[in-house]
Amino acid sequence: MQMRRTPVVLALALALGLSGCAAKVVGSPVAAGGATSAPSTTASGKPSASGKPTSSGTAKPSATSAAPSGTQSTGKVKIGTRKKSTGPDACGLVTPEDAKVAVGAARVGEPGCILSTEEPYVVVLVLVTFSDFEGQAREFEIGGNTAYEIKDDADCSVIVMLTDDPDEITPALKVDVTPVDEGLDTCKIAVALATKGFERLPNA
């Protein structure tokens, strides 16, 4: 009998949930099609000599620039379909069946903000959250809105902007995909699930 890896999946899920709710980090978007990201800036708006942010503080996220404090976006966020970023329950935006189909899994766990599949084993975290991210990203669109794909080793995250309101604290839908098994296209899975979640969000 094959040993189930449920404890491993649960441990990953808890780690994802804690980091997704508490982390607020910095990064630089990179436009799709090979465009390079804009140079990093200091808190005063002047480019730093090293090209890295010199400000240690964390500023309030801005929906007009998906890059957080210390970086400069490739351009103004595009909003083709304005979505409600407050009120909707993110835990129902992506269903277990969505995850099962996107991953190509044999089995899937219970509904919620944290979804897990088996054969292959994958953990999915869905949040309506900050627009900040760490590292560099591929910039593209989902539903006419600016989106960012961030790859970190085998893991992949997709952030979709829901509004360009600079006063909105949680202006983005974020889907994190973390595999336990190897050889999966986690970014393809994340894009598919982010698209499903975006479609279910009510229009503003």
Side-chain angles (χ1 to χ4, degrees), residues 13 16-17 19-21 27 29-33 61-67 73-118 120 122-133 137-152 155-179 184-204:
L16 279 171
S19 63
C21 293
V30 177
S62 170
T64 58
S65 176
S73 175
T74 54
K76 185 177 180 180
V77 166
K78 179 181 177 182
I79 301 296
T81 307
R82 197 175 304 276
K83 295 284 188 175
K84 289 185 178 180
S85 56
T86 56
D89 181 7
C91 294
L93 295 177
V94 175
T95 69
E97 185 63 23
D98 293 335
K100 182 178 179 181
V101 171
V103 174
R107 292 181 297 278
V108 68
E110 296 297 317
C113 290
I114 299 175
L115 302 165
S116 62
T117 69
E118 296 182 21
V122 171
V123 178
V124 176
L125 175 65
V126 183
L127 297 169
V128 175
T129 184
F130 309 117
S131 59
D132 296 1
F133 57 84
R138 178 179 74 90
E139 186 174 331
F140 65 112
E141 291 182 12
I142 290 179
N145 290 17
T146 297
Y148 302 98
E149 178 187 283
I150 307 101
K151 192 81 165 65
D152 182 11
D155 302 350
C156 189
S157 299
V158 168
I159 296 173
V160 190
M161 299 304 299
L162 306 177
T163 178
D164 55 1
D165 182 355
D167 295 323
E168 180 56 59
I169 297 175
T170 55
L173 170 67
K174 183 180 182 184
V175 175
D176 295 328
V177 176
T178 299
L184 296 172
D185 188 344
T186 51
C187 285
K188 181 179 179 180
I189 296 169
V191 170
L193 296 180
T195 301
K196 287 286 188 181
F198 181 85
E199 290 170 351
R200 290 193 178 104
L201 276 167
N203 293 345

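For clarity, every value in this text was computed on a predicted model and none was experimentally measured.
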Is there a side-chain contact between [X] and [Y] (heavy atoms, below 4.5 Å)?
{"X": "T186", "Y": "K151", "result": "yes"}
{"X": "P171", "Y": "L162", "result": "no"}
{"X": "I142", "Y": "V158", "result": "yes"}
{"X": "T95", "Y": "K100", "result": "no"}
{"X": "V103", "Y": "P120", "result": "yes"}
{"X": "E139", "Y": "T146", "result": "yes"}

Member of V94, T129, V126, L127 meeting the side chain to side chain contact (heavy atoms under 4.5 Å, CB included) criterion with L173: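 Answer to the side chain to side chain contact (heavy atoms under 4.5 Å, CB included) test with L173 among V94, T129, V126, L127: V126.
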Atom of [X], atom of [Y] and distance for their closest heavy-atom approach:
{"X": "A99", "Y": "V108", "value": "CB-CG2, 4.4 Å"}
{"X": "D132", "Y": "I159", "value": "O-CD1, 3.7 Å"}
{"X": "M161", "Y": "Y148", "value": "CG-CE1, 4.3 Å"}
{"X": "P96", "Y": "E110", "value": "CG-C, 4.0 Å"}
{"X": "V177", "Y": "P179", "value": "O-CD, 4.0 Å"}

Main-chain N/O of [Y] paired to [X] side chain as donor or acceptor, under 3.5 Å:
{"X": "T178", "Y": "D155", "answer": "no"}
{"X": "N145", "Y": "I79", "answer": "no"}
{"X": "T117", "Y": "A105", "answer": "no"}

Pairs under 3.5 angstrom only: tabulate donor-acceptor contacts from the side chains of residues 189-204 to other protein residues two or more places apart or in another chain.
unit_1	atom_1	unit_2	atom_2	d
T195	OG1	V191	O	2.7
R200	NH1	L93	O	2.8
R200	NH1	D98	OD2	2.5
R200	NH2	D98	OD1	3.4
R200	NH2	D98	OD2	3.1
N203	OD1	K83	NZ	2.9

Side-chain H-bond candidate by donor/acceptor type, T163 with E168, under 3.5 Å: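 Checked: T163/E168 side chains show no N/O donor-acceptor pair below 3.5 Å.
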Let me confirm one number: the [atom1]-[atom2] distance from [X] to [Y], rounded to the nearest 0.5 Å.
{"X": "D185", "Y": "C156", "atom1": "CG", "atom2": "SG", "answer": "8.0 Å"}
{"X": "I150", "Y": "R138", "atom1": "CD1", "atom2": "CZ", "answer": "10.5 Å"}
{"X": "D89", "Y": "C113", "atom1": "CG", "atom2": "SG", "answer": "6.0 Å"}

